[in-house]
Amino acid sequence: MAIGSTATIAPPAATLTFAFSHGEPSSVRAARICSWNRSVNRRRTVRVEMASLNHGSKERLYLGMDFGTSGARYAVVDKQGTLHSEGKREYPIYKNEEETMDWVRSWRTTLFSLLEDVPSHLRSLVASISIDGTSATTIIVDSNTGEPIWRPFLYNESCPDALPIVKSIAPPTHTVCSGSSTLCKLVSWWNIDGPRKESALLLHQADWLLWLLHGKIGVTDYNNALKVGYDPESESYPPWLLSQPYAKLLPSVSAPGASIGHLKDDIRTQFGFPGDCVVCAGTTDSIAAFLAARATEPGKAVTSLGSTMAIKLLSNTRIEDARFGVYSHRLEDKWLVGGASNTGGAVLRQLFSDGQLEELSEQINPAEASSLDYYPLKVVGERFPVADPDMAPRLHPRPESDVEYLHGILESIARIEAKAYNLLRDMGASGVEQVFTAGGGAKNEKWMQIRERVIGVPVSRAMQTEAAYGAALLALKGYPNAE
């Protein structure tokens with residue numbers, strides 16, 4: 001494989017017996033191992049950077065893993081943030097007895113596959129590990145064994161049955177007042193008259209995966225805990241939550257990146273990680289993606305231009321407004337303020353092919369303002385920076401020139417982005433001073449120049465946008481705190 005290149009290769013067969021050894025009957029364990037062996041033909045992608053071939057160097061490295069919606073990635077960095085290796089895995093498809101996706105088994109298999117994918121000569125240098133997972137993906141486990149006692153509630157799963165109950169106990173603008181919040185999922189499970197409530201414990205996806213590595217059950221981080229009701233400002237669960245009968249399921253909370261414990265001996269021995277390798281508390285995937293951009297000062301922001309437009313701004317001030325879906329995550333002594341608009345790339349894909357977008361964009365003069373005024377939406381409804389569930393898409397009148405039409409749409413989305421940052425400032429957040437861009441829209445240089453003119457601050461492409469890279473930086477942050 002060429003240095004710095006990407007190759008798709010078939011992984012060697014292996015049996016990860018320790019990964020499935022938590023008190024299972026031998027027949028079940030054997031079935032899982034056989035199934036894992038059948039799955040090793042799933043393809044993986046691994047990228048090795050030139051820096052990783054400096055075998056003479058004993059500089060310590062830091063491993064981050066990102067568990068996203070459809071697959072997982074890893075990244076290995078050094079203390080300067082130089083990327084040494086990265087790779088990705090699709091989630092293997094396992095079915096449970098109900099013939100639905102067995103996500104727990106798939107995530108567990110993927111975790112150990114990623115550990116094996118890290119080049120062996122790098123594993124011995126890894127000082128710390130961290131993991132990010134999808135926000136509000138919730139797992140109810142047995143506190144004695146760590147094994148799930150209910151199917152996972154996925155990040156986008158809504159529990160409308162629990163929402164009235166949550167709204168009756170939480171402050172009206174709290175982020176838990178959403179059907180997809182972690183707290184709604186906990187309440188929904190609690191109201192099912194199921195067994196094992198006395199030994200049950202709530203974990204998030206990242207918490208559970210990290211538990212597989214360090215073995216200390218019941219630890220989360222304050223980014224993942226936000227949507228179950230944790231207050232990162234007071235560093236405690238609020239009284240209105242602690243007074244509920246299900247409060248006993250809540251995990252203890254650490255700062256993202258804080259050292260939890262050392263890597264379990266069996267895993268360290270199996271894969272060749274060093275004896276002092278530390279496992280650190282994780283975060284959510286969106287926070288890890290922000291960390292990857294290395295926007296570390298108030299006023300620095302990341303706009304993700306994918307199917308929709310999501311913005312995150314580092315602020316000295318915490319702001320919350322449920323009307324606009326705006327809430328703040330704590331990042332050390334600062335606040336990461338976020339909001340999402342329904343405008344974005346999905347509208348462009350409805351109107352133009354990728355080839356057309358590239359060809360027409362080249363003909364746009366980004367220094368010239370468009371007089372066209374649109375509000376590009378794929379469907380009816382907007383929540384940020386305008387809270388209007390009945391807002392209709394506005395994409396007319398359409399001029400004869402496709403170049404002019406695309407220019408008008410790109411500029412209109414840029415105006416929405418500028419309005420979003422202005423709204424956050426008006427709510428009390430720090431003013432935006434620089435915008436890094438992630439997502440597919442970051443590839444359009446003309447659009448970048450339009451946005452810079454409209455927003456009035458420097459706009460550039462983020463050098464790193466992968467959440468796994470951000471998780472690796474989190475592991476780097478946590479290493480000096482190792483016990």
Leu250 side chain near Leu186 side chain, heavy-atom distance below 4.5 Å: yes
Between CE on residue Met309 and CD on residue Glu417, distance to nearest 0.5 Å: 5.5 Å
Where Asn223 and Pro256 come nearest, the two heavy atoms and their spacing: OD1-CG, 3.2 Å
Closest non-hydrogen atom pair, Ser353 against Gln356: N-OE1, 2.8 Å
Minimum heavy-atom distance Ile364-Lys446, with the two atoms named: O-NZ, 3.0 Å
Criterion side chain to side chain contact (heavy atoms under 4.5 Å, CB included) on Phe436 and Met463, from CA distance to verdict: CA-CA 9 Å; Phe436 298 99; Met463 294 300 292; over 6 Å; no
Set of residues satisfying side-chain hydrogen bond (donor to acceptor under 3.5 Å, both in side chains) with respect to Ser178, sequence neighbours excluded: Ser180
Under 3.5 Å donor-acceptor, Ser181 side chain and Val176 backbone: yes
Whether Lys334 side chain and Pro298 backbone form a donor-acceptor pair below 3.5 Å: no
Donor-acceptor pair, side chain of Ser328 and main chain of Ile319, under 3.5 angstrom: yes
Short side-chain to backbone donor-acceptor contact, Thr283 and Ala471, under 3.5 Å: no
Ser370 and His407 side chains, donor-acceptor separation under 3.5 Å: no
Evaluation steps, side chain to side chain contact (heavy atoms under 4.5 Å, CB included), between Leu209 and Met65: CA-CA 10 Å; Leu209 290 165; Met65 287 177 278; over 6 Å; no
Salt-bridge present (Glu445, Arg461; N to O < 4.0 Å): yes
Trp447 side chain to Leu410 backbone, donor-acceptor under 3.5 Å: yes
Any donor-acceptor N/O pair, Ser307 side chain to Gly345 backbone, under 3.5 Å: no
Side chain to side chain contact (heavy atoms under 4.5 Å, CB included) between Leu331 and Phe290, worked out: CA-CA 11 Å; Leu331 280 184; Phe290 184 89; 4.2 Å; yes
Backbone of Gly146 reached by a side-chain donor or acceptor of Trp208 within 3.5 Å: yes
Parallel, tilted or perpendicular: ring planes of Phe271 versus Phe112, cut at 30 and 60 degrees: parallel
Shortest non-hydrogen separation from Pro92 to Met101 and the atoms involved: O-CE, 3.3 Å
Any donor-acceptor pair under 3.5 Å from His204 side chain to Ala206 backbone: no
Any residue meeting side-chain contact (heavy atoms from CB on, under 4.5 Å) with Ile217, in chain and number order, not counting sequence neighbours: Val141, Leu201, Leu203, Trp211
Between Ser236 and Ser234, a side-chain donor and acceptor under 3.5 Å: yes
Ser430 side chain vs Asn316 backbone, donor-acceptor pair below 3.5 Å: yes
Pairs where residues 325-355 contributes a residue and the test ring-ring contact (aromatic ring centres under 6.0 Å, His included) is met, not counting sequence neighbours: Tyr327-His329
Partner set under salt bridge (Lys or Arg N to Asp or Glu O under 4.0 Å) for Glu233, not counting sequence neighbours: Arg318
side-chain hydrogen bond (donor to acceptor under 3.5 Å, both in side chains) against Tyr375, all qualifying residues, sequence neighbours excluded: Glu382
Residues forming a side-chain contact (heavy atoms from CB on, under 4.5 Å) with Leu263, sequence neighbours excluded: Ile129, Leu213, Ile267, Arg268, Phe273, Cys277, Val279
Side chain to side chain contact (heavy atoms under 4.5 Å, CB included) evaluation trace for Tyr374 with Thr343: CA-CA 11 Å; Tyr374 302 134; Thr343 193; over 6 Å; no
Donor-acceptor contact present, side-chain Gln434 to main-chain Pro458, <3.5 Å: no
Pair Arg394, Ser412: side-chain N/O donor-acceptor within cut-off below 3.5 Å: no
Distance, nearest 0.5 Å, that separates CG of Leu111 from OG of Ser106: 11.5 Å
Closest non-hydrogen atom pair, Leu241 against Ala247: O-CB, 3.6 Å
Between Thr220 and Asp207, a side-chain donor and acceptor under 3.5 Å: yes
Residues Lys88, Asp117: salt bridge by 4.0 Å N-O rule: no
Salt bridge (Lys or Arg N to Asp or Glu O under 4.0 Å) partners of Glu235, counting only residues at least two apart: Arg330
Qualifying residues under ring pair (Phe, Tyr, Trp, His ring centres under 6.0 Å), relative to Phe67, sequence neighbours excluded: none
Listed partners of Ser120 passing side-chain contact (heavy atoms from CB on, under 4.5 Å), at least two apart: Arg123
Non-hydrogen atoms of Tyr479 and Cys280 that approach each other most closely: N-SG, 4.5 Å
With sequence neighbours excluded, residues passing side-chain hydrogen bond (donor to acceptor under 3.5 Å, both in side chains) with Thr134: Thr137, Gln205
Partner residues of Tyr469 under the ring pair (Phe, Tyr, Trp, His ring centres under 6.0 Å) criterion, sequence neighbours left out: none
Note: Arg60-Asp276 ion pair, threshold 4.0 Å (strictly below): yes
Lys/Arg N to Asp/Glu carboxylate O, Arg453 vs Glu411, below 4.0 Å: yes
Ring pair (Phe, Tyr, Trp, His ring centres under 6.0 Å) against Tyr237, all qualifying residues, sequence neighbours excluded: Tyr230
Working for side chain to side chain donor-acceptor pair (under 3.5 Å), residues Tyr74 and Ser85: CA-CA 8 Å; Tyr74 82 84; Ser85 179; 2.6 Å; yes
